[in-house]
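Just the heavy atoms: all of them, side chains too, but no hydrogens, waters or symmetry mates, feed the values below. Starting from 1, each residue takes its place in the sequence as its number.
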Amino acid sequence: MAKSTAVIRERPREIVRRTHGRRQGPITRLMSPSDLGQILKPFVFLDLFDSEGGSFSGVGWHPHSGIATLTYLWEGDVRYEDTTGAAGFLPAGGVEWFEAAGGAWHGGGAGNTGRSRGFQLWLALPPDQELGSAESVYQKPQDIRANGPASVLLGTLGGVSSPLKAPSSINYLAVRLKAGEAWHYEPPADHTISWIALASGRLTVPEPAEAGELVAFETSNQAIDFRAEADTEFVLGSASRHPYELALGYYSVHTSPASLQAGEQRIAEIKARLQKEGRL
């Protein structure tokens with residue numbers, strides 16, 4: 001009897017949630033802890049900003065604690081300042097890493113190049129880091145390492161690692177594909193959380209996903225295959241699950257009410273100093 005040569009193909013990884021978020025002016029909130037952030041933690045907030053068609057005054061001084069933010073620009077530039085003493089302009093292709101931890105303030109606004117497009121991601125920190133010292137790192141485009149079409153903003157892909165120290169097992173990638181191009185993402189074995197958000201273009205994964213949409217995949221470490229139906233820019237997040245409850249303040253995310261209280265107390269102390277200095 002002849003042996004069968006049939007190939008058993010693994011079914012594609014299923015999309016379980018999708019959203020276009022809620023838009024307010026130039027900012028669209030695609031994820032927050034009250035919705036997809038509960039499912040996709042440690043990823044807890046994701047904002048897509050695009051100043052096209054309107055003014056972008058930016059976001060004035062505001063506090064955070066218990067989280068780290070990562071801002072990446074596809075186009076344009078933005079102004080930044082924070083209470084670690086850093087200030088300047090973040091260009092397209094650059095990264096702002098702001099680990100607020102035990103409490104810090106930052107702000108920013110429009111740059112000098114007209115239209116600005118990008119994403120700001122918030123990551124929940126684990127208990128041993130959520131009340132630590134604040135840190136900010138600003139990377140130029142030439143500092144960002146890439147593997148094929150993917151810029152490694154955080155974590156490791158195919159032996160290429162970001163110099164930023166991830167708070168836990170996390171990959172965060174910025175990917176550009178030309179129309180017709182395919183790309184295969186093999187997550188680390190412990191990364192059962194995966195999602196993408198499109199800044200522009202259109203993908204098949206294998207279901208369609210379009211610009212302005214966040215797509216969350218089923219809990220699994222299965223690989224994901226992408227095909228661009230148009231020139232496409234998107235970010236991809238994958239991680240091991242954040243195993244802690246989320247204690248939420250207005251600008252803070254912690255793992256317990258006690259750590260939230262400590263973070264908010266530190267925020268209030270910094271606020272008093274900023275007011276004394278005439279910066280608030």
Side-chain angles (χ1 to χ4, degrees), residues 8-23 27-48 67-70 72 119-126 149-150 152-157 166-177 181-230 232-248 253 255:
I8 300 174
R9 296 188 180 275
E10 189 176 26
R11 68 169 179 81
R13 191 162 171 183
E14 185 179 349
I15 293 171
V16 293
R17 300 288 178 90
R18 55 172 73 225
T19 181
H20 284 88
R22 299 183 305 278
R23 182 167 184 169
I27 299 174
T28 301
R29 176 141 295 173
L30 292 168
M31 182 198 318
S32 69
S34 60
D35 46 57
L36 285 175
Q38 287 286 348
I39 299 167
L40 298 177
K41 59 185 182 182
F43 308 102
V44 290
F45 280 95
L46 183 70
D47 287 343
L48 169 62
I67 57 99
T69 68
L70 193 153
Y72 178 79
F119 286 99
Q120 185 174 85
L121 173 71
W122 295 23
L123 295 167
L125 296 175
V152 183
L153 309 184
L154 198 63
T156 300
L157 178 68
S168 56
S169 185
I170 296 170
N171 280 352
Y172 185 50
L173 313 174
V175 186
R176 280 189 172 93
L177 296 177
E181 282 188 326
W183 182 63
H184 177 82
Y185 177 63
E186 189 81 40
D190 64 328
H191 284 203
T192 58
I193 303 297
S194 292
W195 57 270
I196 59 169
L198 281 70
S200 65
R202 192 169 62 257
L203 292 172
T204 300
V205 284
E207 298 176 45
E210 62 185 16
E213 187 172 27
L214 184 151
V215 167
F217 297 94
E218 64 182 310
T219 302
S220 165
N221 62 4
Q222 183 180 336
I224 308 170
D225 288 298
F226 300 87
R227 180 179 175 81
E229 304 303 330
T232 302
E233 301 164 319
F234 66 100
V235 289
L236 178 150
S238 72
S240 58
R241 183 176 294 280
H242 184 73
Y244 309 100
E245 295 297 322
L246 301 180
L248 306 179
V253 178
T255 64

### Message
Walk me through whether L177 and L203 qualify under side-chain contact (heavy atoms from CB on, under 4.5 Å).
### Response
CA-CA 9 Å; L177 296 177; L203 292 172; 4.1 Å; yes
### Message
Would W195 and V235 count as a side-chain contact (heavy atoms from CB on, under 4.5 Å) here? Give the steps.
### Response
CA-CA 8 Å; W195 57 270; V235 289; 3.9 Å; yes
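With hydrogens and angles left out, the side-chain atoms of S194 and Y185 include no donor and acceptor closer than 3.5 Å. For S169 and H191, the side-chain atoms include at least one donor-acceptor pair closer than 3.5 Å.
G21 and L30 make their closest contact through N-CD2, 3.9 Å (heavy atoms, listed as atom of the first residue, atom of the second, distance). Shown here for D225 and H184, the closest heavy-atom pair between the two residues is OD1-ND1, 2.6 Å. Across all non-hydrogen atoms, the minimal contact from L246 to G37 is CD1-O, 4.2 Å. The two residues P208 and R18 have their closest heavy-atom pair at O-NH1, 3.0 Å. A124 and V253 get closest at one heavy-atom pair: CB-CG1, 4.3 Å.
At a threshold of 4.5 Å between non-hydrogen side-chain atoms, the residues T255 and H242 count as touching. The shortest side-chain heavy-atom distance between N171 and P187 does not fall under the 4.5 Å cut-off. Proximity of I170 to F43: side-chain heavy atoms (C-beta onward) are separated by under 4.5 Å at one or more points. R13 is listed as a side-chain neighbour of S220, based on a closest heavy-atom distance under 4.5 Å. You'll find the side chain of Y172 stays beyond 4.5 Å of the side chain of L123, heavy atoms only.
Residues passing the salt bridge (Lys or Arg N to Asp or Glu O under 4.0 Å) test with R22 are D35, sequence neighbours excluded.
By the 30° and 60° cut-offs, the orientation of the rings of F217 relative to F226 is perpendicular.
Separation of atoms NE2 (H20) and CG (L198) is listed at 9.0 Å; rounding is to 0.5 Å. With values rounded to the nearest 0.5 angstrom, I193 atom CD1 is found 11.5 Å from N221 atom CG. One finds the OG1 atom of T232 at 11.0 Å from the CZ atom of R227 (value rounded to the nearest 0.5 Å). Taking CG of D190 as the start and OG of S238 as the end, the distance is 8.5 Å to the nearest 0.5 Å. In this structure, I196 CD1 and I15 CD1 are separated by 6.5 Å, a value rounded to the nearest 0.5 Å. F119 CZ to L48 CG: the interatomic distance, rounded to the nearest 0.5 Å, is 4.5 Å.
Of the candidates P42, P243, P167, P167 is the only one forming a side chain to side chain contact (heavy atoms under 4.5 Å, CB included) with P126.
The 12-atom threshold is not exceeded at CZ of R17, counting heavy atoms of other residues, nucleotides or ligands nearer than 6.0 Å.
Ion pairing between a basic and an acidic side chain is recognised when a charged N comes within 4.0 Å of a carboxylate O; R202 and E210 show no such pairing.
Sorted by first then second residue, the side-chain hydrogen bond (donor to acceptor under 3.5 Å, both in side chains) pairs that include residues 38-48, not counting sequence neighbours, are R29-D47.
Under the 3.5 Å distance criterion, the side-chain polar atoms of E218 are matched with a main-chain donor or acceptor of E14.
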